> 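What follows is a structure written as structure tokens; I'll ask about it next.
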Amino acid sequence: MAAAGKLSTFRLPPLPTIREIIKLLRLKAVKQLSQNFLLDLRLTDKIVRKAGNLTNAYVYEVGPGPGGITRSILNANVAELLVVEKDTRFIPGLQMLSDAAPGKLRIVHGDVLTFKVEKAFPESLKRQWEDDPPNIHIIGNLPFSVSTPLIIKWLESVSCRDGPFAYGRTQLTLTFQKEVAEVDVGVVHFTPLIQPKIEQPFKLVEKVVQNAFQFRRKYCHRGLGMLFPEAQRVGSTGRLLQWADVDPTLRPSQLSISHFKSLCDVYRRMCDEDPNLFAYNFRDELKQRKRNTQETDEEESHRV
């Protein structure tokens, strides 16, 4: 492991291009996994520059694939680069990079959704949450299939200050395919806030937001109503929207952070008043109703 504070200049030696490695290892992007390969080193250099100055930094790259962004990170003079790759097809190409950058690149064959990154870097890098971000960066080219669950996992980790955020307000620089970022390749840089915009437990915020977007093209009251059992849905939804001062005819995409803050705060109050409310899931109620209907139909068929 590279020692913190050690400065040196590093450039990768001449290597086969990413395109040549893909051809050599007979690699193909798997459409079912919405994989895409970034082949242009100028593009990957540009993506990595969005992360800021990485000199002597510790970097965690998720889903490196054939190693396009990996090369650009190594050329940014980092102290150490940790890559986690689930697809065994990419390991030989990454090993080639590791051999060309002795002591710089650690390869983990594993799943980013379960990898324990909080134990991956030196304890000395940890910072208080209120301090500047630690010298640790997360960089990744996320396929659509994993981007949503991974970001939700990271958002919860930010809330709990664990995982990669056990070190402090770790910064992320992520590329998304058009399904998420609405461009061909969107680059987004995240720095966690010291104080959250919504000061409620993550699971409660997640539940309110998920239900609000249940019916994206309908008025928001339709999805938010699914927070409540059917027997009390109309009245409870009305109270939620009235107390939160939210127009029930707004579409989910028209709701602001301020709207969601009010909705979460009011829903928390309603959950405190009714301890069973937070555990309610409308899908469970639908399943139970379906079972009851099936049992009734069976009883009637036996009578006949």
Side-chain angles (χ1 to χ4, degrees), residues 113 144-162 176 178-182 188 190 192-193 195-304:
L113 290 171
F144 183 61
S145 60
V146 75
S147 58
T148 299
L150 187 55
I151 288 174
I152 290 174
K153 176 182 172 66
W154 279 337
L155 288 174
E156 184 169 11
S157 291
V158 169
S159 176
C160 299
R161 301 182 187 181
D162 61 14
F176 298 96
K178 62 182 179 180
E179 294 94 332
V180 176
E182 297 183 354
V188 186
F190 299 88
L193 297 173
Q195 199 71 20
K197 296 285 188 181
I198 303 175
E199 297 193 70
Q200 294 293 350
F202 177 82
K203 290 297 185 185
L204 184 144
V205 178
E206 181 184 27
K207 185 177 183 183
V208 171
V209 173
Q210 282 186 342
N211 278 274
F213 282 91
Q214 283 287 340
F215 307 100
R216 293 173 179 269
R217 297 184 181 181
K218 297 185 182 294
Y219 294 143
C220 67
H221 73 83
R222 180 74 172 84
L224 289 168
M226 308 311 282
L227 290 167
F228 306 101
E230 187 175 26
Q232 65 184 72
R233 186 163 294 158
V234 174
S236 294
T237 306
R239 286 194 296 276
L240 171 67
L241 290 162
Q242 183 181 359
W243 294 344
D245 194 23
V246 173
D247 182 347
T249 63
L250 289 175
R251 310 284 181 184
S253 59
Q254 295 175 305
L255 296 175
S256 66
I257 294 294
S258 178
H259 287 136
F260 277 112
K261 180 184 187 307
S262 296
L263 288 166
C264 290
D265 289 345
V266 172
Y267 181 64
R268 170 65 182 270
R269 197 163 76 223
M270 296 173 83
C271 289
D272 288 343
E273 292 171 358
D274 178 0
N276 297 317
L277 181 57
F278 185 70
Y280 170 75
N281 186 318
F282 74 91
R283 290 186 177 86
D284 294 337
E285 188 173 26
L286 289 175
K287 290 176 184 176
Q288 184 60 50
R289 189 190 308 163
K290 186 176 180 180
R291 282 195 294 268
N292 292 342
T293 301
Q294 289 174 341
E295 290 172 0
T296 301
D297 291 343
E298 288 174 2
E299 288 176 2
E300 290 180 353
S301 66
H302 288 317
R303 290 195 192 103
V304 173

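Numbers here are sequence positions counted from 1. These figures come from a predicted structure and were not determined experimentally.
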> If you compare all heavy atoms of K218 against all heavy atoms of R222, which two are closest, and at what distance to 0.1 Å?
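Residues K218 and R222, closest heavy atoms: CD-CG, 3.9 Å.
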
> Quick test of your reading: applying side chain to side chain donor-acceptor pair (under 3.5 Å), list the pairs with at least one residue in residues 225-244, sequence neighbours left out, ordered by first then second residue.
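Side chain to side chain donor-acceptor pair (under 3.5 Å) check on residues 225-244 returns E230-R289, Q232-S236, R233-Y280, S236-R239.
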
> If the condition is side-chain contact (heavy atoms from CB on, under 4.5 Å), which residues does P252 pass it with, not counting sequence neighbours?
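Only F213 meet the side-chain contact (heavy atoms from CB on, under 4.5 Å) criterion with P252.
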
> At what distance, to the nearest 0.5 angstrom, does CG of L150 lie from CG of L155?
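One finds 9.5 Å between CG of L150 and CG of L155.
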
> Does the side chain of K207 reach to within under 4.5 Å of the side chain of F278, using non-hydrogen atoms?
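Result yes, sub-4.5 Å side-chain heavy-atom pair found.
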
> Would you mind checking if K261 and E199 are paired as a salt bridge, meaning a charged N to carboxylate O distance below 4.0 Å?
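No, no charged N to carboxylate O under 4.0 Å.
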
> Report the residues that fulfil side-chain hydrogen bond (donor to acceptor under 3.5 Å, both in side chains) with D245, sequence neighbours left out, ordered by chain and then residue number.
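So D245 forms no side-chain hydrogen bond (donor to acceptor under 3.5 Å, both in side chains) with any residue.
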
> Quick one: closest heavy-atom pair of F202 and S159, and the distance?
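Heavy-atom minimum between the residues: CB-OG, 3.7 Å.
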
> Should we say atom CZ of R216 is surrounded by more than 12 heavy atoms from elsewhere, each under 6.0 Å from it?
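At most 12 heavy atoms, drawn from other residues, nucleotides or ligands, come within 6.0 Å of this atom.
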
> Can you check whether D284 reaches F282 side chain to side chain, under 4.5 Å on heavy atoms?
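Counting from C-beta outward, D284 and F282 never come under 4.5 Å.
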
> Rounded to the nearest 0.5 Å, how far apart are CG of D265 and CD1 of I198?
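D265 atom CG to I198 atom CD1 measures 8.0 Å (nearest 0.5 Å).
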
> Can you name the nearest heavy-atom pair linking H259 to Q254, along with the distance?
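The answer is ND1-O, 4.0 Å.
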
> Let me confirm one number: the CZ-SG distance from R269 to C264, rounded to the nearest 0.5 Å.
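Atom-to-atom, R269:CZ and C264:SG are 13.0 Å apart.
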
> Can you name the nearest heavy-atom pair linking D247 to C220, along with the distance?
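Closest approach of D247 to C220, heavy atoms only: O-SG, 3.6 Å.
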
> Check the pair V209 / F260 against side-chain contact (heavy atoms from CB on, under 4.5 Å), numbers first and verdict last.
CA-CA 7 Å; V209 173; F260 277 112; 3.9 Å; yes

> Does the side-chain contact (heavy atoms from CB on, under 4.5 Å) test come out yes or no for I152 and W154, once each step is laid out?
CA-CA 5 Å; I152 290 174; W154 279 337; over 6 Å; no

> How far apart are the closest heavy atoms of V208 and L227, and which atoms are they?
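Where V208 meets L227 most closely, the heavy atoms are CA-CD2, 4.3 Å.
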
> Looking at V266 and L240, what are the two nearest heavy atoms and their distance?
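Closest heavy-atom pair between V266 and L240: CG1-CD1, 3.7 Å.
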
> So, S262 side chain and S258 main chain: donor-acceptor pair closer than 3.5 Å or not?
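Checked: pair present.
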
> So, are E156 and K153 salt-bridged, with charged N and O less than 4.0 Å apart?
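The answer is no: the pair does not qualify as a salt bridge.
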
> Rounded to the nearest 0.5 Å, what's the gap from CZ on F228 to CG on N211? Could you check?
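Answer for the CZ-CG pair, F228 versus N211, is 9.5 Å.
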
